[in-house]
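Inspection log for the structure reproduced underneath, given as structure tokens.
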Amino acid sequence: MTLPQETIRAKRDGRALEPAQIQAFIAGLMDGRVTEGQAAAFAMAVYFQKLSLPERVALTDALMRSGTVLEWDLPGPVLDKHSTGGVGDAVSLALAPLVAACGGYVPMITGRGLGHTGGTVDKLASIPGYDVRPDLDRFRRVSRDVGCCVIGQTPDLAPADARLYAIRDVTGTVESLDLITASILSKKLAAGLDGLVMDVKIGSGAFMESLDAARGLGEAIVGVAGGAGLNTVALVTDMDSPLASAAGNALEVAYTLDYLAGRVRESAFHTITLELGAEMLVLGGLAVDLPAARERLTEALDTGRAQEIFSRMVTALGGPADLAEHPDRYLARAEIVRAVTAPEPGFVARVATRSIGLAVIGLGGGRTRPQDTIDPAVGFTGLARVGEAVGPDRPLGVIHARSVDAADAAEAALRAAYGVAEGSVGATPLLRDRIA
């Protein structure tokens, strides 16, 4: 048996670890033979010395096998999508029922908000009665009967990842590419997927601000997933503007309902949703190529099948059966709604998108401490994107706040986040790269 300190010393000195060493270390993290201090030292050694592809695969596998690994017996492929996070990124809410409407099964395990980015599980928690952490039996049943089930992480799947992440969070090692890769994929592999599409965000509202960094993460995810037997494609997509024009938990649920019902078809959100969905359908063998996949998704959207599946999922997880028809009855609303216009008319030249995400947190729509309670009603709607004209008839955005003071602070933050030019400005490309 290899002692934990010997594994740490080997990686500290830049030596490659054997799969058995990594497996034993993670097993020790679960049964108490590895202390938090040793796990922190291991994470720091990995941060500085990096992991080879075989080591990444071994670490991912060890984290995955620390809990339940789901197996499915379904009449269609089991597919999922994961995003590195951004502002106004409600794609998961629309994409899961869309893919399910085309014959896929989407058991999607999502996370809470992280830093300035919104969390899908926080958005779903704004729906009264929606069980964001059902037991595995209910998760399986809803996935099978409805076709999709979007929930938060459960303690059954990859629990060692949760322990290691908590240690990384307080030791300055969150940014390790190797540990990010293993963390993401351990949960996805534990969910028993047949195919995964990774959405790596890049830009002013993303954790990855350079194309090289985003490509590096995409290549790491695809390489490790392939080594573990999971077919994966990564897309590098734009986050230089909020993806949807809404940012805030209940506001993004309402936006999703409008999108699925056909009341909203904003170009950026629609394009990215279709691109990610098309990749999922092709990976699952549900379409022969990407153009055919886009056609299937568009039909599922236009016929209302995707909206119907979303409603069935909400009801199956305890939410109101008529949410889609009467969202205002159930989704929390803020007392103060205020439009913010640009000082001068012009075209949006830049957006400090991260600042908008932080402004949502300042309104109460996110956490500054893990134990904080989120106000689902607050945030922004009508947010302008780079390249759009703004003026008296087209504000920068609309604030939803609980108090005048909070609205004033959000208005100052929103004005500071936007740069407006006199002449027309080209929009930034939505799709930056594809890695397969």
For Arg432, is there an ion pair with Asp240 - N to carboxylate O distance below 4.0 angstrom? yes
Taking only distance into account, with no hydrogens and no angle test, what donor-acceptor pairs under 3.5 Å do side-chain atoms of residues 268-281 form with protein atoms, sequence neighbours excluded?
residue : atom : partner : partner atom : Å
His270  : ND1  : Tyr259  : OH           : 2.7
Thr271  : OG1  : Ser267  : O            : 2.8
Thr273  : OG1  : Phe269  : O            : 2.8
Glu275  : OE1  : Arg294  : NH2          : 3.4
Glu275  : OE2  : Arg294  : NE           : 2.7
Glu275  : OE2  : Arg294  : NH2          : 3.3
Glu279  : OE1  : Arg434  : NH2          : 3.2
Glu279  : OE2  : Arg434  : NE           : 2.7

Criterion side-chain contact (heavy atoms from CB on, under 4.5 Å) on Leu301 and Leu297, from CA distance to verdict: CA-CA 6 Å; Leu301 199 56; Leu297 292 163; over 6 Å; no
Tyr418 side chain to Ala384 main-chain N or O, any donor-acceptor pair under 3.5 Å? yes
Decide, yes or no, whether a salt bridge links Asp137 with Arg141 under the criterion of side-chain N to carboxylate O below 4.0 Å. no
Residue pair Thr181 / Ala220: nearest heavy atoms and the distance that separates them: OG1-CB, 3.4 Å
Taking atom types as modelled, find out whether Thr353 and Ser204 have a side-chain donor-acceptor pair closer than 3.5 angstrom. yes
Could you go through Asp156 and Arg133, starting from their C-alpha distance and side-chain angles, then the distance that decides it, and tell me whether this counts as salt bridge (charged side-chain N to carboxylate O under 4.0 Å, His left out)? CA-CA 11 Å; Asp156 305 278; Arg133 288 186 176 83; over 6 Å; no
Can you tell me how far apart CE (Met108) and CG (Leu93) are? Round to the nearest 0.5 Å. 8.5 Å
Kindly give the heavy-atom pair with the smallest separation between Ala158 and Ala190, and that separation in Å. N-CB, 4.5 Å
If you apply the rule side-chain contact (heavy atoms from CB on, under 4.5 Å), what do you find for Ile399 with Phe380, and how did you get there? CA-CA 5 Å; Ile399 298 166; Phe380 300 97; 3.6 Å; yes
Criterion side-chain contact (heavy atoms from CB on, under 4.5 Å) on Arg402 and Ile336, from CA distance to verdict: CA-CA 6 Å; Arg402 293 292 193 181; Ile336 297 172; over 6 Å; no
Euclidean distance, Ser83 OG relative to Ile184 CD1, rounded to 0.5 Å: 9.0 Å
Does this structure show an ion pair linking Asp73 with Arg140, if we count only N-O contacts that are shorter than 4.0 Å? no
Does any part of the side chain of Val91, heavy atoms only, come nearer than 4.5 Å to the side chain of Thr256, both counted from C-beta? no
Give, for atom CG of Asp161 and atom CG of Leu59, the distance between the pair rounded to the nearest 0.5 Å. 9.0 Å
Are any of the side-chain nitrogens in Arg415 or Glu411 under 4.0 Å away from the carboxylate oxygens of its partner? yes
Could you pull out all donor-acceptor pairs under 3.5 Å where a side-chain atom in residues 195-202 meets a protein atom, sequence neighbours excluded?
residue : atom : partner : partner atom : Å
Asp199  : OD1  : Thr237  : OG1          : 2.6
Asp199  : OD2  : Lys201  : NZ           : 2.8
Lys201  : NZ   : Thr237  : OG1          : 3.1

Would you confirm whether Arg296, through its side chain, and Leu286, through its main-chain N or O, come within 3.5 Å as a donor-acceptor pair? yes
What one should report as the nearest heavy-atom pair of Ser126 and Leu331 is O-CD2, 3.9 Å
So, for Gly119 and Asn249, which heavy atoms are closest and what is the spacing to 0.1 Å? O-OD1, 4.2 Å
Check: Glu36 side chain, Ile167 main-chain N or O, donor-acceptor pair, under 3.5 Å: no
Whether the Tyr105 and Asp194 side chains hold a donor-acceptor pair (N or O, under 3.5 Å, no angle test) is what I'd like checked. no
Do Arg163 side-chain atoms and Met30 backbone N/O form a donor-acceptor pair below 3.5 Å? yes
Are Asp328 and Arg333 side-chain neighbours, meaning at least one heavy-atom pair lies under 4.5 Å? yes
Without placing hydrogens or testing angles, list every side-chain donor-acceptor pair under 3.5 Å for residues 306-317, not counting sequence neighbours.
residue : atom : partner : partner atom : Å
Ser311  : OG   : Gln307  : O            : 3.2
Arg312  : NH2  : Asp145  : O            : 2.8
Thr315  : OG1  : Ser311  : O            : 3.0

With rounding to the nearest 0.5 angstrom, report the CE to CG distance, Met239 to Leu430. 10.5 Å
Would you mind reporting whether Val390 and Thr341 have side-chain heavy atoms less than 4.5 Å apart? no
Check: Leu63 main-chain N/O paired with Ser186 side-chain donor or acceptor under 3.5 Å: no
Hey, does the side chain of Thr60 reach the backbone of Leu185 with a donor-acceptor pair shorter than 3.5 angstrom? no
Closest approach of Ala436 to Val222 (non-hydrogen atoms, all atoms of both residues): C-CG1, 3.9 Å
Does any N or O in the side chain of Ser143 come within less than 3.5 Å of the main-chain N or O of Phe139, such that one atom is a donor and the other an acceptor? yes
Would you check if Ile180 and Arg168 make a side-chain contact, meaning some heavy-atom pair closer than 4.5 Å? yes
State the CG-NZ distance between Asp80 and Lys187, to the nearest 0.5 angstrom. 11.5 Å
Validation row: Val233, Leu283 side chains within 4.5 angstrom (heavy atoms): yes
Side chains of Ile127 and Tyr330 in contact at under 4.5 Å (non-hydrogen atoms): no
Side chain proximity check, Asp433 to Leu235, heavy atoms < 4.5 angstrom: no
Give a yes or no answer on whether the side chain of Glu299 reaches the backbone of Glu295 with a donor-acceptor pair at less than 3.5 Å. no
What one should report as the nearest heavy-atom pair of Leu257 and Arg263 is O-NH2, 3.7 Å
I'd like to know if Asp238 pairs up with Arg385 as an ion pair, taking the criterion as any Lys NZ or Arg NE/NH1/NH2 lying under 4.0 Å from an Asp or Glu carboxylate oxygen. yes
Counting C-beta onward and ignoring hydrogens, is there a side-chain heavy-atom pair between Cys148 and Pro97 closer than 4.5 Å? yes
Evaluation steps, side-chain contact (heavy atoms from CB on, under 4.5 Å), between Val236 and Leu431: CA-CA 6 Å; Val236 179; Leu431 184 59; over 6 Å; no
Gap between atom CG of Asp178 and atom OG1 of Thr173 - 0.5 Å precision: 11.5 Å
Check whether Asp135 reaches the backbone of Arg138 with its side chain - one donor and one acceptor, N or O, closer than 3.5 Å. yes
